[in-house]
S.K.: 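This structure is in structure tokens; I'll ask about it shortly.
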Amino acid sequence: MLTNLAKLSVVRGVSQTVTNGLKPAAVGAAKAEKKSASAAGATQIRFAHTDIRVPDFSEYRREQVKRPNAKNDSADDRAAFTYLLVGGAAVSTAYVAKSLVSTFISSMSASADVLAMSKIEIKLGDIPEGKSVTFKWRGKPLFIRHRTAHEIEAEQSVAVATLRDPQNDAERVQKPEWLIVIGVCTHLGCVPIANAGDFGGYYCPCHGSHYDASGRIRKGPAPLNLEVPYYEFPQEGLLIVG
């Protein structure tokens with residue numbers, strides 16, 4: 001046992017001698033290197049615990065996705081499908097927009113009952129020659145006059161230059177024997193009396209306006225002739241106004 005103790009004392013003495021023999025700068029450098037190595041090891045251990053591994057999904061990806069710049073039929077098919085999808089969406093959007101606009105416009109149109117009242121059919125055979133019959137059309141009186149040959153000749157011979165609202169008789173009728181006018185005085189909207197007045201046509205008793213058998217103003221305060229609505233003769237003996 002004494003022998004072992006003696007050996008240990010010798011080793012410690014040698015170590016102390018070596019340490020004492022080193023320069024202070026070398027000792028400091030050695031300690032700093034040891035400390036740096038310890039810190040690096042600690043740092044590596046800390047980063048190793050926070051290392052994040054991203055899963056690799058390459059096994060599940062398509063070949064054209066893996067190589068997007070490669071020219072192949074699959075890429076062309078994918079582009080064609082994309083264009084088809086976009087085109088279909090555009091067509092569907094246009095169709096929906098058209099439907100919405102059509103529905104909106106239709107909602108602003110007149111209803112069926114209003115359209116039915118916008119036109120009136122009249123059998124001309126029920127109106128004898130020389131008579132004027134009044135109908136209700138669009139809330140207004142409608143005068144239908146079956147003129148005689150004498151009335152036609154008289155109205156066609158009137159000098160247009162002498163009229164307040166110059167119009168030839170031929171401009172106001174489609175068939176000479178039939179006069180169709182709206183029975184509203186152009187002065188203040190009164191309803192004239194048929195077959196009356198100084199000119200044998202229509203007379204407004206409210207303010208004294210006189211119209212001839214062509215519905216033209218001839219005397220009184222009214223500024224314009226009686227209005228002629230749109231009408232047609234679809235067949236003989238039938239009149240449609242509106």
Side-chain angles (χ1 to χ4, degrees), residues 102 104-242:
S102 300
F104 177 73
I105 294 176
S106 299
S107 66
M108 299 178 63
S109 302
S111 58
D113 55 344
V114 173
L115 292 175
M117 295 178 60
S118 65
K119 293 186 178 182
I120 182 173
E121 294 185 4
I122 300 170
K123 295 182 179 180
L124 299 177
D126 298 335
I127 305 175
E129 187 178 10
K131 298 294 183 179
S132 180
V133 180
T134 303
F135 296 89
K136 185 178 181 180
W137 175 67
R138 295 183 181 179
K140 300 177 182 179
L142 180 69
F143 293 162
I144 310 296
R145 188 185 188 96
H146 192 175
R147 301 194 300 182
T148 63
H150 175 71
E151 290 175 335
I152 295 172
E153 182 181 0
E155 300 308 328
Q156 290 179 349
S157 62
V158 173
V160 177
T162 62
L163 299 176
R164 182 178 303 171
D165 185 10
Q167 273 188 316
N168 288 317
D169 181 68
E171 299 177 16
R172 298 179 57 78
V173 295
Q174 295 184 21
K175 294 184 177 181
E177 65 272 22
W178 294 106
L179 174 69
I180 297 95
V181 293
I182 296 177
V184 176
C185 180
T186 58
H187 178 224
L188 292 176
C190 304
V191 179
I193 300 173
N195 298 322
D198 295 347
F199 299 89
Y202 304 94
Y203 170 67
C204 181
C206 299
H207 302 94
S209 295
H210 298 258
Y211 301 87
D212 59 18
S214 187
R216 297 173 296 192
I217 183 64
R218 302 293 292 275
K219 182 180 177 180
L224 301 172
N225 303 329
L226 294 179
E227 181 183 354
V228 178
Y230 173 80
Y231 64 91
E232 58 184 352
F233 298 96
Q235 62 187 40
E236 189 65 28
L238 181 64
L239 169 68
I240 297 181
V241 181

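When reading the values below, keep in mind they use all heavy atoms of this one structure, side chains included, and skip hydrogens, waters and symmetry mates.
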S.K.: With sequence neighbours excluded, give me every salt bridge (charged side-chain N to carboxylate O under 4.0 Å, His left out) pair touching residues 200-213.
M.R.: Asp212-Arg216, Asp212-Arg218

S.K.: Does any part of the side chain of Asp165, heavy atoms only, come nearer than 4.5 Å to the side chain of Pro223, both counted from C-beta?
M.R.: no

S.K.: Just list the side-chain donor-acceptor pairs under 3.5 Å for residues 120-134, sequence neighbours left out, or say none.
M.R.:
none

S.K.: What is the distance from atom OG of Ser214 to atom CD1 of Ile152, rounded to the nearest 0.5 Å?
M.R.: 10.5 Å

S.K.: What pairs of residues pass the ring pair (Phe, Tyr, Trp, His ring centres under 6.0 Å) test when at least one of them lies in residues 145-164, not counting sequence neighbours?
M.R.: His146-Trp178

S.K.: Asp169: which residues meet the salt bridge (Lys or Arg N to Asp or Glu O under 4.0 Å) condition with it, sequence neighbours left out?
M.R.: Arg147

S.K.: Do any side-chain atoms of residues 193-204 form donor-acceptor pairs under 3.5 angstrom with protein atoms, and if so which ones, sequence neighbours left out?
M.R.:
residue	atom	partner	partner atom	Å
Asn195	OD1	Arg145	NH1	3.0
Asn195	OD1	Arg145	NH2	2.9
Asp198	OD2	Lys219	NZ	3.0

S.K.: At their closest point, which heavy atom of Trp137 faces which heavy atom of Gly242, and how far apart are they?
M.R.: CZ2-CA, 3.7 Å

S.K.: Among all residues two or more places apart in sequence or in another chain, which pass the side chain to side chain contact (heavy atoms under 4.5 Å, CB included) test with Glu171?
M.R.: Gln167, Asn168

S.K.: How many angstroms lie between CG in Leu226 and OG1 in Thr186, if you round to the nearest 0.5 Å?
M.R.: 6.5 Å

S.K.: Strictly by salt bridge (charged side-chain N to carboxylate O under 4.0 Å, His left out), give each pair with a member in residues 220-236 just once, sequence neighbours left out.
M.R.: Lys175-Glu236

S.K.: Which heavy atom of Pro229 sits nearest to which heavy atom of Val241, and what is that distance?
M.R.: CG-CG1, 4.0 Å

S.K.: Looking at residues at least two apart in the chain, or sitting in another chain, which of them share a salt bridge (Lys or Arg N to Asp or Glu O under 4.0 Å) with Arg172?
M.R.: none

S.K.: Only counting residues at least two apart or in another chain, list the ones meeting side chain to side chain contact (heavy atoms under 4.5 Å, CB included) with Gln174.
M.R.: Tyr231, Phe233

S.K.: Look up atom CG in Leu142 and atom CG in Leu239, then write down how far apart they are to the nearest 0.5 Å.
M.R.: 7.5 Å

S.K.: According to side chain to side chain contact (heavy atoms under 4.5 Å, CB included), who are the partners of Gln235, at least two apart in sequence or on a separate chain?
M.R.: Leu238

S.K.: I need the Ile182 CD1 to Phe143 CZ distance, nearest 0.5 Å.
M.R.: 10.5 Å

S.K.: Sequence neighbours left out, what passes side chain to side chain contact (heavy atoms under 4.5 Å, CB included) with Pro221? Give chain and number order.
M.R.: His187, His207, Ser209

